[in-house]
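Read the structure below first, then the notes.
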Amino acid sequence: MRFLNPSNLHEALTLLSKFPDCKILAGGTDVCVQLRGGGLKPKAILNIWGLNELKNIRDEGRYITIGALSTHTDIIRSPLIHKHIPVLAKACRTIGAVQVQNRGTIGGNVMNASPAGDTLPVLMAYAADVEVTSIAGQRWVPFEGFFTGYRATVVRPGEMVTGFRIAWPPRGERADFIKIGSRKAITISKVMACFRARIEHKKIVGISIAFGSVAPVPLRLKQTEAFLMGRVLTHKTIDEAVNKLASDITPINDIRSTADYRRHCCGVFLRRFLLESLCVS
Amino acid sequence: MVQSVGTNAPRLDCHDKLTGRTKYLDDLDIPHCWFGGVVYSSIPYGRIIKINFDPSFDWGSVVTCTFKDIPGKNNTVFLTQDQPILAEEYVKHVGEAIVLVAAPTKEILSQARSHIHIEYAASVPVLTIEQAKDKATLISGKDNILAQYCINKGDLDVGFKEAAVVIEGEYQTGFHEHAYIETQAMAAVPRTDGGLTVMGSLQCPYYVLKTLVSVLNCGADRVNVRQLPMGGSFGGKEDYPSLLGSYVALLAKKSGRPVKLIYSREDDIIMSTKRHPSIVKHKTGVKKDGTLTAMEINVEFNGGAYATMSPVVLSRGVIHAAGPYRCDHVRSTAVCYATHNVPCGAFRGFGVPQTIFAIEAHMDKIAEALGINPLKLRAKNCLKLGDTTQTKQLLRESVGAAQCLDTVAKGCSFEKKWQAYRRQNQAARGKKNIQKGIGLALYMHGGAFTGSGESVMKTEAGLMLQKDGVVRVLTGCTEMGQGAHTVLPQIVADTLGIPLKCVYCEVPDTDLVPDSGPTVASRTTMIVGWLLTQCAASFKERLFEFIARTYRVEKTALKLVRASFVSGSKRITDFKTAANDYLSKVGELKVIERYKLPPYIQWDPATHIGDAYPAYSWAADVAEVSVDMDTFEVTVDKMTIAVELGRAINPVLVKGQMEGGTLQALGWALMEDMQIINGHPQNKNLQTYIIPTARDIPDWRVHIIEEPFSYGPMGAKGIGELPLDGGAPAIVNAIYNATGLRITEIPVTPEKLLRQCAKL
Amino acid sequence: MKVKRKIDLNGKVTTITASPVARLLDVVRGDLKLTGTKEGCGEGECGACSVLLNNEVIDSCLVLFGQLRDGDLLVTVEGLENKRGLNRLQRSFVKNGAVHCGACIPGMLIAATALLKHNKTPSIMEIKEGIAGNLCRCTGYGRIIKAIEEVV
Ligand SMILES: Cc1cc2nc3c(=O)[nH]c(=O)nc-3n(C[C@H](O)[C@H](O)[C@H](O)COP(=O)(O)OP(=O)(O)OC[C@H]3O[C@@H](n4cnc5c(N)ncnc54)[C@H](O)[C@@H]3O)c2cc1C
Ligand code: FES
Ligand code: FES
């Protein structure tokens with residue numbers, strides 16, 4: 001196993017073009033587990049942990065940008081995130097425990113492409129763009145459409161994820177991240193969701209709902225959103241929305257939970273978020 | 001007095017553990033050591049057709065063993081000698097060892113393992129108790145029964161006639177994994193005399209020795225077994241090291257080198273024993289006022305493929321099946337069935353957590369049926385001084401059940417809260433998001449081996465004088481985190497009248513210490529501690545004779561106080577000087593004695609009637625929970641525990657034991673869901689086998705109650721296992737109080753609560 | 001192919017040569033013979049392998065040696081003692097009976113040290129969060145939390 005250790009992004013991209021089938025190693029919290037299991041036997045490892053240029057969280061005018069190598073701890077500690085996208089920090093705080101948060105990166109979370117990746121529904125709900133870079137240049141991919149199937153993304157050999165950008169959330173918006181696991185820490189999500197809503201005069205004028213662990217890829221609940229958009233938020237609307245939700249998701253039974261329970265919790269989450277929105281509005 | 005008993009004396013091993021100096025097996029640098037590994041069955045049941053050693057691998061670079069390499073008998077030496085060291089014709093569970101490999105490096109080892117392929121003719125396995133009863137496939141004997149007992153007291157018919165109400169219930173528990181942080185680890189090192197030292201993470205050096213002597217077909221002088229510091233055990237390293245010890249011994253013999261074998265977490269979970277899954281049925285007659293008149297109990301355990309400790313686990317389980325309650329008419333039957341699952345063995349509590357879970361969940365069901373508060377029902381029936389247990393054991397002294405109950409109940413206003421939560425929750429059902437509940441469990445645990453076991457064992461321990469007045473404790477009892485190697489020296493130090501720092505436990509090595517029996521059964525403090533007080537008395541006597549002679553003083557007037565010999569008010573000499581004088585003038589001072597049971601113990605193993613244990617320790621738990629009625633997540637907010645243990649030799653260690661054991665019970669009750677599907681463990685790592693983290697713990701309150709036991713050291717009884725017995729039913733009862741949902745099968749996961757709720 | 005890293009190990013500048021794809025855990029336990037750091041799972045679940053890297057607690061089983069950079073600061077349990085012996089945190093563990101089998105203890109101490117570096121006055125909840133990545137099967141965590149609380 002070769003160990004490629006670039007000292008800057010350009011070098012990393014050059015190596016990536018030379019060794020397109022190498023395994024990118026960021027914080028290693030997923031890669032090292034896979035290496036140990038023996039399922040992963042790459043010919044070369046490309047260590048990008050040292051690329052400081054990918055660790056920034058910045059205000060860039062129209063967007064907040066987050067470097068791919070920002071760790072969950074970086075995000076939790078970032079005043080910018082804390083102020084404008086606190087739910088992202090909330091999600092990061094539920095990932096593993098301190099040790100994993102200190103090492104695990106947002107880029108790794110996205111590229112690991114597990115349906116249980118906790119930052120995924122947040123990025124989805126905020127319609128983030130992913131910056132995908134190769135030696136040839138850079139492209140922005142909308143988060144929706146980034147995942148092409150179970151653990152598959154649009155990123156091609158020779159490319160890597162360098163960052164994310166999120167448009168400033170509008171003022172007066174409510175947002176939340178809700179997760180259920182098997183215990184209170186170091187727990188993979190049974191279900192998790194990110195919600196955003198803007199309500200003016202009791203009417204829903206903006207809504208975004210994303211779920212994780214209920215389908216092979218993180219999901220935007222398009223039908224439920226469409227149903228809610230423009231409606232006056234009432235108890236009845238909430239009941240109807242919760243009933244609608246079932247058609248948007250396809251949860252499964254596995255070692256962590258049951259499809260029934262997951263479906264139930266999706267309803268609970270949605271109801272909880274909408275009820276709270278109703279209360280504050 | 002420089003007394004250490006009753007104080008929170010710091011553990012003697014904690015300095016090294018806090019600085020990283022303690023050497024567990026994996027930390028030892030053994031020169032020229034090879035690494036061992038196991039190739040095990042990937043099917044639950046079938047015939048081995050062929051073992052293929054892939055010729056593309058260089059087999060000359062490693063050593064392999066199959067059953068054919070076993071010079072002696074191919075089985076572990078326990079009560080039932082049914083478990084092969086290495087499979088011969090058949091495999092009976094996933095994880096059964098077939099081939100052993102030793103290699104110079106871990107990389108070569110893993111390559112070698114992956115180049116061994118086993119061909120099987122797979123058969124349909126027997127996996128459940130129901131299938132085992134069916135007897136279509138026989139795993140063990142003629143009936144798939146690994147052990148069975150029946151205990152009769154009084155006359156059930158009479159008892160049920162006295163009853164106003166009869167209440168039935170069925171309770172189930174699942175496989176439970178020890179999840180010690182240090183996995184199974186053993187090594188064998190050839191000695192210069194041609195013998196073998198086998199060492200590692202093990203609870204019972206003499207158990208391992210017994211199996212090794214039989215497997216290697218050698219004299220006991222050709223092999224010694226040494227316990228190294230252990231990173232947790234909880235029963236998991238009681239029987240299993242006899243297998244692992246045999247593996248390393250065979251590999252070391254064949255390769256002529258030291259071999260270390262440390263399981264990965266996955267191998268550990270797949271191969272090592274679990275707690276027995278259980279089904280317990282209760283049929284109970286009660287009077288209107290709650291008096292128990294008849295208890296009919298049926299206990300069934302799933303034992304897995306081989307007996308290991310099952311006969312004794314089941315015995316202890318059934319003896320505790322009627323709980324800490326008085327009832328004149330009891331019949332308990334118990335059967336442990338063989339199935340094609342990983343063998344179940346010892347796990348802290350040894351069958352009792354299962355039966356206590358059942359009776360304590362059932363008591364709440366009875367209380368509900370009668371409309372009595374669960375506390376009152378328990379208080380009414382709880383065993384008191386002068387009562388007899390279901391084995392007709394007369395309780396002569398040290399019976400703290402009622403006091404424990406009273407203490408926990410008062411400590412958290414149980415009755416008031418229980419009533420209030422019940423009312424609130426019934427009113428709020430479906431409206432409130434978080435509902436609170438409170439639950440109770442009363443329980444006991446017998447210390448020591450069952451019945452006359454302690455006499456049969458020929459338990460020995462001793463003391464030896466070292467220069468400069470240091471006393472070495474000679475015992476095969478092991479320190480595995482529970483604090484034995486602090487508590488035993490405390491007992492010795494105080495009995496002798498010398499400071500704790502002058503006493504230490506010798507390394508438990510079968511060449512250095514006598515067989516004090518295994519470190520199991522909550523027996524170490526109570527039995528071996530007691531024996532050591534006797535040793536200390538003889539030891540002191542010998543020193544007094546010497547001092548009397550040397551200093552020409554009256555022996556009967558001598559005392560040893562604060563490491564000084566005094567006669568009346570006169571100080572004669574100090575312990576250190578006396579020790580050095582004794583060693584130079586008289587020679588060795590070594591006392592080894594054998595344990596004697598209290599004289600009144602009568603036990604009939606066939607009927608399971610009589611004095612099951614010299615004494616019981618008693619406890620009561622109150623769990624306070626919050627249940628999220630939308631997601632059914634359960635949070636245990638607070639656990640209040642009262643424990644009566646005769647005497648707390650080291651209170652902080654007692655509290656640590658109670659909290660740690662209760663947390664294991666909490667995990668078992670709520671989240672530890674070892675799913676073995678078609679004989680294959682599904683949770684093969686700590687990512688899927690979930691144990692509680694620091695975020696999952698309740699607020700702990702532990703009350704210690706002392707009712708000295710005459711045959712315990714300073715009055716002490718055992719509490720090794722007790723802490724795991726009561727937590728699960730207390731939590732499940734609290735969940736019922738909060739939600740009105742009675743789940744009778746643990747773990748109570750949110751998924752189960754949802755399912756139950758949907759049924760309503 | 002081995003690589004060289006010059007780091008500050010437990011307060012001493014140390015040059016280490018090892019395979020870049022070796023786990024940091026194996027380098028610490030094997031090459032450096034600092035066996036205080038334990039392996040409980042090898043996949044980030046138990047925290048027994050916790051070390052401080054640049055003042056942050058990490059699982060050394062999830063880091064490859066090649067990922068270290070020259071000048072990194074690495075602290076293992078062996079680096080916690082001060083000139084007078086056990087440090088305050090360690091002494092508090094002794095006093096509060098926080099140590100049982102000891103397998104989790106080095107990792108616990110490291111996690112607690114990291115916590116106290118970033119938060120001088122953690123609440124009980126913050127202490128629990130700070131050590132939530134360290135499994136202990138023996139103690140029930142109560143005594144450990146108390147030991148940490150007492151040095152605050
Ligand atoms: C104990 C434990 C608990 C965990 N708990 C959670 C949890 O609760 N929630 C959760 O979501 N996750 C959890 N994880 C998973 C993991 O920590 C996260 O997914 C983490 O964010 C991964 O980041 P990393 O930098 O460590 O990724 P790495 O392991 O370095 O990489 C992960 C994958 O992404 C690829 N990759 C990484 N960076 C890039 C890049 N910039 N461009 C292209 N490809 C890249 C890698 O090749 C690899 O395939 C847990 C892991 C552990 C060990
Ligand atoms: S060994 Fe690293 S976390 Fe368990
Ligand atoms: S003390 Fe044993 S695991 Fe924590």
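A, B, ... follow the sequence lines: proteins, then strands. Residue 1 opens every chain. Values in this document were obtained by computation on a predicted structure and should not be read as measured data.
- In this structure, CZ on R695(B) lies 13.0 Å from CD1 on I127(C), to the nearest 0.5 angstrom.
- Comparing P723(B), G667(B), G483(B), G660(B) by heavy-atom pairs within less than 4.5 Å of chain C, the highest count is held by G660(B).
- The residue among D13(B), T22(B), T19(B) with the most heavy atom pairs within less than 4.5 Å of chain C is T19(B).
- Other residues, nucleotides and ligands place more than 12 heavy atoms under 6.0 Å from the NZ atom of K23(B).
- Of the two parts of I105(C), only the side chain, counted from C-beta on, holds a non-hydrogen atom closer than 4.5 Å to a non-hydrogen atom of chain B.
- Counting only residues at least two apart or in different chains, ring pair (Phe, Tyr, Trp, His ring centres under 6.0 Å) contacts with residues 650-673 of chain B comprise H176(B)-W668(B).
- With a 6.0 Å radius and a threshold of 12 heavy atoms from other residues, nucleotides or ligands, K95(C) has its NZ atom at or below the threshold.
- Remark: L18(B) CG to F93(C) CZ distance equals 7.0 Å, nearest 0.5 Å.
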Would you please test K128(C) and I697(B) for side chain to side chain contact (heavy atoms under 4.5 Å, CB included) and show each step?
CA-CA 9 Å; K128(C) 287 182 180 176; I697(B) 65 164; 4.0 Å; yes
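- Distance check: Q687(B) CD to C41(C) SG gives 9.5 Å after rounding to the nearest 0.5 Å.
- Formation of a donor-acceptor pair under 3.5 Å by the R11(B) side chain with backbone atoms of G97(C) is not found in this model.
- Proximity to chain C (any heavy atom under 4.5 Å) is shown, for Q482(B), by neither the backbone nor the side chain.
- Heavy atoms closer than 4.5 Å to chain B are found in both the backbone and the side chain of I131(C).
- Only the side chain of A48(C) has a heavy atom closer than 4.5 Å to any heavy atom of chain B.
- In this structure, the side chain of K17(B) engages the main chain of C101(C) through a donor-acceptor pair within 3.5 Å.
- The contact between P692(B) and chain C is made by backbone and side chain atoms together, counting heavy-atom distances below 4.5 Å.
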E43(C) vs N685(B), test: side chain to side chain contact (heavy atoms under 4.5 Å, CB included). Steps then yes/no.
CA-CA 9 Å; E43(C) 44 190 35; N685(B) 49 39; 2.9 Å; yes
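- Looking at E182(B) and K38(C), no side-chain N of the basic residue comes within less than 4.0 Å of a carboxylate O on the acidic one, giving no salt bridge.
- W700(B) places no side-chain N or O within 3.5 Å of a backbone atom of R143(C) that could act as its donor or acceptor partner.
- Annotation: maximal heavy-atom pairing with chain B below 4.5 Å, among I145(C), L89(C), V77(C), occurs at V77(C).
- Of the listed residues (G231(B), G656(B), C14(B)), the greatest number of heavy-atom pairs within a distance under 4.5 Å of chain C belongs to G656(B).
- Contact annotation: the side chain of C138(C) approaches that of F234(B) to within less than 4.5 Å [non-hydrogen atoms, C-beta and beyond].
- The minimum heavy-atom distance between G40(C) and L686(B), with the atom names listed, is O-CD1, 4.3 Å.
- The shortest distance between side-chain heavy atoms of E81(C) and R21(B) falls below 4.5 Å.
- The shortest distance between side-chain heavy atoms of R29(C) and D26(B) falls below 4.5 Å.
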Applying side chain to side chain contact (heavy atoms under 4.5 Å, CB included) to H100(C) and E479(B), what does each step give before you reach the verdict?
CA-CA 10 Å; H100(C) 285 195; E479(B) 170 63 61; over 6 Å; no
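- For the pair N96(C) and V652(B), the minimum side-chain heavy-atom distance is 4.5 Å or more.
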Stepwise side chain to side chain contact (heavy atoms under 4.5 Å, CB included) check, H15(B) with L86(C):
CA-CA 8 Å; H15(B) 182 273; L86(C) 300 185; 3.6 Å; yes
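- Residues G140(C) and L663(B) share a closest heavy-atom pair of CA-CD2, 3.7 Å.
- Of the listed residues (Q664(B), E266(B), Q657(B), M658(B)), the greatest number of heavy-atom pairs within a distance under 4.5 Å of chain C belongs to Q664(B).
- Pairing each heavy atom of V94(C) with each of P10(B), the nearest pair is CG1-CB, 3.6 Å.
- We find that E672(B) and R137(C) are joined by a salt bridge, their nearest charged nitrogen and carboxylate oxygen being less than 4.0 Å apart.
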